[in-house]
Structures are given as C-alpha cells and as structure tokens.
2 protein chains.
Amino acid sequence: MAPLDTRTQLLDAAERLFAERGFRGTSVRAITDLAGANLAAVGYHFGSKAELLSAVVRRVIEPITAAQLAGLERLGSEPTISELVEAFAGPLFDEMRADTSRLIVRIFGDPSEEMRDWTGSAEEQVRDRYRAAFARALPDLPAEELWFRMRGILAVAAVDRVDRHNQPCTPNPTEPARRWAVTFLAAAMSAPPTG
Amino acid sequence: MAPLDTRTQLLDAAERLFAERGFRGTSVRAITDLAGANLAAVGYHFGSKAELLSAVVRRVIEPITAAQLAGLERLGSEPTISELVEAFAGPLFDEMRADTSRLIVRIFGDPSEEMRDWTGSAEEQVRDRYRAAFARALPDLPAEELWFRMRGILAVAAVDRVDRHNQPCTPNPTEPARRWAVTFLAAAMSAPPTG
DNA sequence: GTCTATAGAACGATAGAC
DNA sequence: GTCTATCGTTCTATAGAC
C-alpha cells in the first residue's frame with residue numbers, strides 16, 4: 001500500500017480533472033488537493049500547469065499509438081478494410097478509459113497553444129502509415145476523401161464514448177461500443193468514392 | 001451601415017470567442033471589447049456570462065433543428081437510409097459555419113453545468129423523430145446499436161469540420177465535406193447489425 | 001522534495017451617476 | 001441603455017524556510 005510517488009499522483013489527478021472540467025476550468029489547487037500534494041508541487045515537478053497538461057496528454061496518447069503501430073505490423077501485406085479499421089480504431093477503445101476520451105474530445109476542439117503543445121510526432125507517423133495502408137486497400141478513393149474518412153474514424157471513436165453516462169470510470173467491460181464502432185466504420189470506409 | 005444593436009453584437013462576439021477559446025477561456029471583457037460595448041453590457045442584457053452562453057447556443061442550435069425537422073417532413077413515408085442521413089446531417093453543414101462547429105464540439109465534451117444549461121428540448125424531439133424513422137428503415141437493428149450510430153452521425157458532422165484550417169470563416173463554399181459525409185454515413189448506417 | 005506565504009494579475013459582478 | 005469605478009474573489013507562479 002505504499003503511496004505512489006507525487007509525480008504520478010499529480011498526473012492521475014490532472015488527467016481526471018482536465019477531462020472533467022477542462023484545462024482552464026481546473027485550478028492547480030484542485031489538482032494538488034486531489035493528489036494529496038502541496039500547491040507548489042506542480043511547479044516543482046512539471047514547471048507549470050501547461051507543462052503538466054503536456055505530460056498528461058503524452059501519457060494518454062502513447063499507449064494508443066503504440067498499440068496502433070503494433071496492430072498494423074501484425075497485419076499481412078494485403079489487409080482487408082475491416083482489419084485496418086479494427087487495428088486503427090480498436091486501441092482507442094482498449095487503451096483509453098471512457099472518461100479519458102473526454103480529454104481527447106476537448107483537445108480536438110481546442111486550438112489554443114497549451115492544448116497543442118505536446119508535439120505529437122509519433123501519432124502523426126502512425127496516422128501516415130495507416131493512411132498509406134488504407135490508400136492501398138482503397139485505390140480508387142481520392143486522397144482528400146480518404147483523409148476525411150480517417151478523421152471520421154477518430155471522431156466516432158472519441159465522441160461516441162463520451163456521453164453514455166456522465167461520470168463512471170468503468171475501464172473496459174465487454175464494451176459493445178467497440179464492436180459497433182468497427183461495424184459502423186468498416187462499412188463507412190468501404191463505401192465507393194463520392195465522385 | 002447602421003450598427004447592429006448591442007445585444008446582437010454581444011451574441012456575435014461571444015459566439016466567436018466561445019468557439020475559439022472556450023467558455024472559461026473567454027473573459028467578459030474580451031467579449032465586450034470585440035463587440036464594441038461596455039463591460040457592464042453583458043450583465044444588463046443577459047444577466048451573467050453563463051446566461052449569455054445559453055443564448056448563444058440556442059441561437060446556433062435553433063436553425064439546425066428547424067432544418068432537420070423540415071427535411072424530415074419533406075421525405076416520403078418510406079425514405080431510404082441515404083435520404084434520412086442527408087436530411088439529418090445536411091443541416092449540420094448548411095446551417096452552421098465551420099468555425100461554429102468548434103463550439104458544438106466543446107459542448108459535446110463538457111459536462112459542466114453552464115454548458116448544459118440551454119435546455120434543448122427541441123432538438124431532443126427532432127432526434128427522437130429521426131430515431132423512429134431510422135428504426136423503421138432498419139427494422140433488424142437493435143435500438144441500442146441504432147442510438148450508437150446516430151451519435152456517430154453527429155460526431156462525424158461536428159468534428160470533421162473543425163480542424164481543416166484553424167481560423168477561416170468561409171460560410172459554405174461548395175463544401176465537398178458535406179457530400180463526403182453523406183457517402184460515409186449512409187454506408188455506415190446501412191451496415192448490417194453487429195449481432 | 002515539501003512546505004508556507006505572498007506577490008501580482010485577472011476575473012465576474014454590480015452599485016450608482018448620467 | 002450606457003458608462004465608470006470598484007469590490008471581493010480566485011488564479012498561477014515563486015521566493016525562501018525546512
């Protein structure tokens with residue numbers, strides 16, 4: 001029962017509060033209180049509130065991109081659309097608690113400096129590799145429309161987990177939403193080009 | 001060139017700033033400055049900053065739900081999936097500037113009191129009527145999965161308009177995204193049940 | 001590493017003159 | 001309806017003792 005180190009407690013508290021109340025709606029005091037730490041601890045461990053946010057986002061995104069990359073490498077050389085959707089969207093359900101998806105949606109909708117400061121080059125690379133794989137599987141689809149559709153995958157996976165209940169933190173029960181999403185998105189990706 | 005009344009100027013300024021910077025990230029001072037009004041004008045015309053937000057959201061949502069309802073009533077008694085998608089998702093493109101969709105995404109992701117205070121019973125009714133119409137067109141789809149898919153429509157329509165460029169306020173050029181969305185979503189809605 | 005104390009700035013709201 | 005002036009609160013960041 002040894003308590004986690006202060007740094008981790010701060011990350012946990014901040015992840016939860018940033019998701020629930022947003023960055024500007026969360027005070028450093030609320031974070032340190034929930035973490036059982038002192039007000040000055042954020043400054044000591046992270047430098048500023050904004051850098052704490054960056055650390056939180058990186059910690060959330062990292063396992064997702066890692067799982068997406070591993071899933072892509074596990075596929076054969078000519079994967080089906082459904083397999084690609086499963087490998088790309090699945091980790092958004094498996095590696096992210098439902099309450100954390102709120103944080104992702106908030107980042108989506110926020111163009112401000114602090115929310116974009118976590119320099120995610122890793123998930124840009126993953127996205128580009130999936131884009132290339134989808135392009136091979138859908139040779140007739142123009143690049144722009146493909147890009148639209150990939151952003152549709154992210155939108156459905158992120159937003160559809162947010163509202164169901166307002167508070168609970170169930171990690172991953174059987175999660176029918178995950179299977180519904182794959183059905184929904186595989187059909188959507190397989191549609192013929194709009195032309 | 002008569003200037004609009006202060007109330008409207010405040011609504012315009014608040015709509016833009018709430019979308020760009022969020023509710024908590026926008027000060028009353030920033031709104032009144034942009035509107036060319038006095039700091040006290042928000043209190044006089046709306047009572048408080050939170051009630052100004054409610055008025056902004058109602059003004060954004062109203063034409064969307066009205067167009068969705070009109071579109072539904074224009075359809076025959078046995079519409080196709082594609083027609084239903086067009087009627088439901090189309091107004092999200094036609095009646096909403098791309099920069100305003102940011103505000104919708106922020107509301108999606110924010111469970112706080114102020115962001116839910118605009119008592120939207122009108123768009124709940126519209127949603128329920130579309131849900132019934134989709135249920136008739138998709139008799140084998142369980143109600144829960146149908147609900148998941150309808151939230152998918154909202155997710156794609158709202159999120160997919162946010163990121164393309166960061167700033168511009170182009171109202172509606174030819175907007176290929178609208179047609180891509182209907183293709184994408186009609187295929188997704190038509191998928192057989194996950195079972 | 002952890003704490004107290006506080007500086008310094010910004011905020012929402014409102015009273016009251018015009 | 002519009003304005004000025006200001007109250008009381010809350011915020012982040014940090015200096016400095018332990």
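Below, each value reflects all heavy atoms present in this structure, side chains not excepted, and no hydrogens, waters or symmetry copies. Naming convention: chains lettered A, B, ... in sequence-line order (proteins, then strands); numbering from 1 in each chain.
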Distance check needed: [N] [atom2] versus [X] [atom1], whole Å only.
{"X": "A/D33", "N": "C/dT4", "atom1": "CG", "atom2": "P", "answer": "12 Å"}
{"X": "B/F23", "N": "C/dG12", "atom1": "CZ", "atom2": "P", "answer": "8 Å"}
{"X": "B/Q9", "N": "D/dG1", "atom1": "CD", "atom2": "C1'", "answer": "15 Å"}
{"X": "A/I31", "N": "D/dC11", "atom1": "CD1", "atom2": "C1'", "answer": "12 Å"}
{"X": "A/K49", "N": "D/dC11", "atom1": "NZ", "atom2": "P", "answer": "9 Å"}
{"X": "B/E114", "N": "C/dG12", "atom1": "CD", "atom2": "P", "answer": "11 Å"}
{"X": "B/L39", "N": "C/dG12", "atom1": "CG", "atom2": "C1'", "answer": "8 Å"}
{"X": "A/R24", "N": "C/dC11", "atom1": "CZ", "atom2": "P", "answer": "9 Å"}

TODO: Output the distance between atom OG (B/S112) and atom CZ (B/F23), rounded to the nearest 0.5 Å.
DONE: 8.0 Å
Task: Euclidean distance, B/L103 CG relative to B/M115 CE, rounded to 0.5 Å - done: 6.5 Å
Open item on the list: Check this for me: A/E73, atom CD, are more than 12 non-hydrogen atoms of other residues, nucleotides or ligands nearer than 6.0 Å?
Closed with: yes
- [ ] State whether B/W147 and B/R131 meet the cation-pi test: NZ (Lys) or CZ (Arg) under 6.0 Å from the six-membered ring centroid, and within 45° of the perpendicular axis.
- [x] yes
Would you say [X] places a side-chain N or O within less than 4.0 Å of OP1 or OP2 belonging to [N]?
{"X": "B/S27", "N": "C/dA10", "value": "no"}
{"X": "B/T6", "N": "D/dG1", "value": "no"}
{"X": "A/N38", "N": "C/dT4", "value": "yes"}

Open item on the list: Assigning hydrophobic clusters by single linkage (Ile, Leu, Val, Met, Phe, Trp, Tyr; side-chain heavy-atom cutoff under 4.5 Å), is A/L75 placed with A/F134?
Closed with: yes
So which nucleotide from [options] ends up closest to the side chain of [X]?
{"X": "B/R29", "options": "D/dT6, C/dA5, C/dT2", "result": "D/dT6"}
{"X": "A/H45", "options": "D/dG1, C/dT2, D/dA13", "result": "C/dT2"}
{"X": "A/A40", "options": "C/dT14, D/dG1, D/dA15", "result": "D/dA15"}

- [ ] Describe the nucleic acid contact of B/T26 in one word from base, sugar-phosphate, nothing, applying a heavy-atom distance below 4.0 Å.
- [x] sugar-phosphate
